[in-house]
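Just so you know, residue 1 is the first one in the sequence shown, and it goes up from there. When reading the values below, keep in mind they use all heavy atoms of this one structure, side chains included, and skip hydrogens, waters and symmetry mates.
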Amino acid sequence: MKKVVSLLLALALLMGATSAMALTITPNEASQTFDLEITIPEGAKTEESEFGEIHITAIRPEGGNAPQYQMVIAPEEEYGGKNLSDLTQEELGKLVADMKELMVQPTVETLTMADGNLLIVLNEDQEQNDFASAYTMYDGYVVSMYVAHEDDHDKLTDDETNAMVQMMQSLKVLPVTK
């Protein structure tokens with residue numbers, strides 16, 4: 001699990017919403033069992049890419065100083081077929097510990113999404129390391145989003161972090177019939 005979280009964070013780091021639009025994301029068509037619909041800021045530009053079974057969607061809101069949001073979808077064999085809300089307290093604790101290991105002093109918040117699944121939000125608010133991330137899991141796929149300023153000099157605002165949480169809370173799983 002640590003390798004997946006590390007890889008997701010590394011890939012995402014390489015790569016304020018007033019009105020919104022829906023975006024449907026189809027992760028890894030070869031093995032996919034679902035699509036995801038997410039509400040993103042109106043006018044945002046998106047770019048999708050795949051690295052093996054890892055699907056990345058970069059979301060860039062309009063505005064000269066807007067941060068970059070990266071949504072990453074990757075299978076996690078250890079939790080195959082489970083949603084985040086299906087995990088035991090022990091499994092959830094291990095997952096959060098693995099996520100926190102990549103940060104200095106993150107704050108952690110667990111939210112319940114509209115569909116009953118869980119969303120874990122980590123916010124690293126350090127002078128040299130200011131980014132936030134959110135994680136959920138559908139059918140054994142970790143779905144995460146990271147937000148940071150590309151130049152690494154600007155601090156994230158509460159509105160920018162909240163926009164990430166709002167996008168993740170807007171997720172809808174769309175079953176795929178083959």
Side-chain angles (χ1 to χ4, degrees), residues 1-15 22-40 44-60 68-103 106 108-124 131-148 161 163-178:
M1 181 62 205
K2 289 179 186 178
K3 287 169 44 177
V4 170
V5 173
S6 298
L7 180 60
L8 295 177
L9 181 60
L11 286 171
L13 291 176
L14 290 173
M15 307 291 290
L23 172 68
T24 300
I25 298 171
T26 302
N28 198 336
E29 294 184 40
S31 63
Q32 136 209 26
T33 59
F34 61 87
D35 288 340
L36 290 175
E37 183 178 274
I38 185 172
T39 303
I40 63 172
K45 304 284 187 239
T46 61
E47 183 179 322
E48 295 185 56
S49 57
E50 288 190 9
F51 297 91
E53 293 185 283
I54 299 171
H55 184 92
I56 299 174
T57 303
I59 302 168
R60 294 180 180 86
Q68 178 172 296
Y69 298 85
Q70 294 275 350
M71 183 172 177
V72 180
I73 304 167
E76 177 51 66
E77 292 178 15
E78 184 175 347
Y79 303 109
K82 291 184 177 181
N83 290 345
L84 198 59
S85 58
D86 297 332
L87 300 185
T88 65
Q89 287 299 318
E90 183 178 323
E91 290 172 322
L92 197 56
K94 180 183 179 305
L95 192 61
V96 170
D98 288 348
M99 293 171 193
K100 287 173 61 174
E101 191 171 284
L102 301 171
M103 301 173 148
V108 179
E109 183 178 10
T110 302
L111 307 171
T112 301
M113 299 168 64
D115 64 3
N117 205 358
L118 298 178
L119 179 68
I120 299 170
V121 179
L122 292 95
N123 191 359
E124 178 76 279
F131 68 95
S133 57
Y135 300 83
T136 191
M137 187 183 303
Y138 291 103
D139 196 28
Y141 282 77
V142 174
V143 180
S144 58
M145 184 175 287
Y146 306 92
V147 59
T161 302
M164 175 198 63
V165 173
Q166 289 172 354
M167 282 190 270
M168 288 294 285
Q169 286 183 318
S170 76
L171 281 174
K172 293 180 185 157
V173 176
L174 308 174
V176 173
T177 54
K178 292 185 179 186

How long is the gap from [atom1] on [X] to [atom2] on [Y], to the nearest 0.5 Å?
| X | Y | atom1 | atom2 | result |
| --- | --- | --- | --- | --- |
| Glu47 | Gln70 | CD | CD | 8.5 Å |
| Met167 | Ile40 | CE | CD1 | 8.0 Å |
| Phe131 | Glu124 | CZ | CD | 5.5 Å |
| Ile38 | Lys172 | CD1 | NZ | 11.5 Å |
| Met99 | Glu101 | CE | CD | 12.5 Å |
| Gln169 | Thr39 | CD | OG1 | 11.5 Å |

ask   = Which is it for Met71 and Leu36 under the side-chain contact (heavy atoms from CB on, under 4.5 Å) test, yes or no, and what are the steps along the way?
value = CA-CA 11 Å; Met71 183 172 177; Leu36 290 175; 3.8 Å; yes
request  = In sequence, state the C-alpha distance, the side-chain angles, and the governing distance for Ile59 and Met145, and then conclude on side-chain contact (heavy atoms from CB on, under 4.5 Å).
outcome  = CA-CA 10 Å; Ile59 302 168; Met145 184 175 287; 4.0 Å; yes
Would a 4.5 Å heavy-atom cut-off, applied to side chains only, mark [X] and [Y] as touching?
| X | Y | result |
| --- | --- | --- |
| Leu119 | Leu171 | no |
| Met103 | Ser133 | yes |
| Val142 | Ile73 | no |
| Leu92 | Ile120 | yes |
| Leu95 | Tyr135 | no |
| Val121 | Met168 | no |

ask   = With sequence neighbours excluded, what pairs up with Asp86 under the side chain to side chain donor-acceptor pair (under 3.5 Å) test?
value =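 Side chain to side chain donor-acceptor pair (under 3.5 Å) list for Asp86, sorted by chain: empty.
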request  = Using a cut-off of 6.0 Å, state whether more than 12 heavy atoms not belonging to Lys82 lie near its atom NZ.
outcome  = yes
Specify the closest pair of heavy atoms between [X] and [Y], including all atoms of both residues, with the distance to one decimal.
| X | Y | result |
| --- | --- | --- |
| Ser85 | Gly116 | CB-O, 3.6 Å |
| Val147 | Tyr69 | CG2-CE2, 3.2 Å |
| Pro75 | Tyr141 | N-CD2, 3.7 Å |

task = Could you tell me whether a side-chain N or O of Thr136 sits under 3.5 Å from a main-chain N or O of Leu118, the two making a donor and an acceptor?
result = yes
key: Under 3.5 Å: donor-acceptor pair, side chain of Asn117, backbone of Met137   =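 Yes; at least one donor-acceptor contact below 3.5 Å.
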